[in-house]
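In what follows, a single structure is set out as structure tokens and then discussed.
Since the model is a prediction, treat every value here as computed from it, not as a measurement. Lettering of chains follows the sequences in order, A, B, ..., and the numbering in each one begins at 1.
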Protein chains: 2
Amino acid sequence: MDAPMDNDGKLKCSIEYTLKKIGGKWKTVILWHLNVDGTLRYNALRRLLPGVSHKVLSQQLKELEEDGFIHRVQFNSIPPKVEYSITDFGKTLMPILEQMHVWGTEHGSLE
Amino acid sequence: MDAPMDNDGKLKCSIEYTLKKIGGKWKTVILWHLNVDGTLRYNALRRLLPGVSHKVLSQQLKELEEDGFIHRVQFNSIPPKVEYSITDFGKTLMPILEQMHVWGTEHGSLE
DNA sequence: CAGTATCCATCAGGATACTG
DNA sequence: CAGTATCCTGATGGATACTG
């Protein structure tokens, strides 16, 4: 292996690093949607992810934002409005997501 | 989105299907090693994954085998000997892992 | 509308000891 | 050597109610 190894048992491989970043249950799908649709409001996003709760969605969005993958714009209007979009950095993940999408489409049955 | 959706809130997107398959903490790394090294015995694999326990390693290996990603050959010798290798089907995951590896290498600091 | 706050369930993952 | 068998823990995710 060529990735940075450490002896504290923390990071063993660059693949693991990537997995840690996008391994959240909804992160890949959120990024995928934002990349396709461009910009989405909170509730629009929520409707696209059947089953996600408020807590989890905002959590995942916050982490994605902290990692620089998505951009959050808040309009101080009434009613409130928040728009999410993917950043250029977030787009660097697209090759991975595309491969995952291709594979999942080819091999994922309806289970 | 184009992937199969269902109304039970089970599978929403083919990306999620993929993530479910390889999202285990060690699965990607195991596959990566097996693809690089060809064939590895149980303990050799263990040495390559600092921090993994017996239980978790055999669990992940079993799941990978059940999913058809890896091949397990057991020699009924004394002492016992078991060899793991990646299957052709497992190799279909390589484009994903390669992209993950590239991204992780480029953006993963040592944290 | 777009979130927190709270509380709870689940389970993947880990430590350790034992076994064929 | 290559595993199970137990037991345990913390992180992740979920339901629901409340809020600016």
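- Side-chain nitrogen and oxygen atoms of B/Gln74 include none within less than 4.0 Å of the OP1 or OP2 phosphate oxygen of D/dG3.
- The interatomic distance linking A/Leu61 (CG) with C/dA2 (C1') rounds to 11 Å, in whole Å.
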**OP:** Using the ring-ring contact (aromatic ring centres under 6.0 Å, His included) rule, take A/His71 and A/Phe89 through it: C-alpha gap first, then chi angles, then the decisive distance, then the call.
**Re:** CA-CA 10 Å; A/His71 196 213; A/Phe89 184 55; over 10 Å; no
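- In this structure, A/Arg41 places its CZ atom 13 Å from C1' of C/dG3, rounding to the nearest Å.
- Note that the CG atom of A/Asp37 and the CD1 atom of A/Ile86 stand 11.0 Å from one another [nearest 0.5 Å].
- Using a distance-only test at 3.5 Å, with no hydrogens or angles considered, a donor-acceptor pair links the side chain of A/Thr18 to the main chain of A/Ser14.
- For C/dA12, the paired nucleotide is D/dT9, the pair qualifying as Watson-Crick or G-U wobble because both relevant distances are below 3.5 Å.
- B/Arg72 has a side-chain polar atom (N or O) that falls below the 4.0 Å cut-off from OP1 or OP2 of D/dG3.
- Taking side-chain N and O atoms only, A/Ser58 has a distance below 4.0 Å to OP1 or OP2 of C/dT4.
- A donor-acceptor distance shorter than 3.5 angstrom exists from the side chain of A/Thr87 to the backbone of A/Gly68, with no hydrogens or angles considered.
- Position along DNA chain D of the nearest nucleotide to B/Arg47 versus A/Val56 favours B/Arg47 as the more 5'-ward residue.
- Atom-to-atom, CD of A/Gln60 to P of C/dA2 comes out at 18 Å; the value is rounded to the nearest Å.
- Nucleotide C/dC1: paired with D/dG20 (Watson-Crick or G-U wobble, both distances less than 3.5 Å).
- Within the 4.0 Å cut-off from OP1 or OP2 of C/dG3, at least one side-chain nitrogen or oxygen of A/Tyr84 is found.
- Just one of B/Lys27, B/Lys20, B/Arg72 meets the salt bridge (charged side-chain N to carboxylate O under 4.0 Å, His left out) condition when paired with B/Glu63; it is B/Lys27.
- Shown here for A/His33 and A/Leu48, the closest heavy-atom pair between the two residues is ND1-CD1, 3.7 Å.
- Mapping B/Gln59 and A/Ala44 onto DNA chain C by nearest heavy atom places A/Ala44 closer to the 5' end of the strand.
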Protein-nucleic acid N or O pairs under 3.5 Å, nucleotides 15-20 of chain C:
none

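- Not one side-chain nitrogen or oxygen of A/Tyr42 sits closer than 4.0 Å to the OP1 or OP2 atom of C/dT4.
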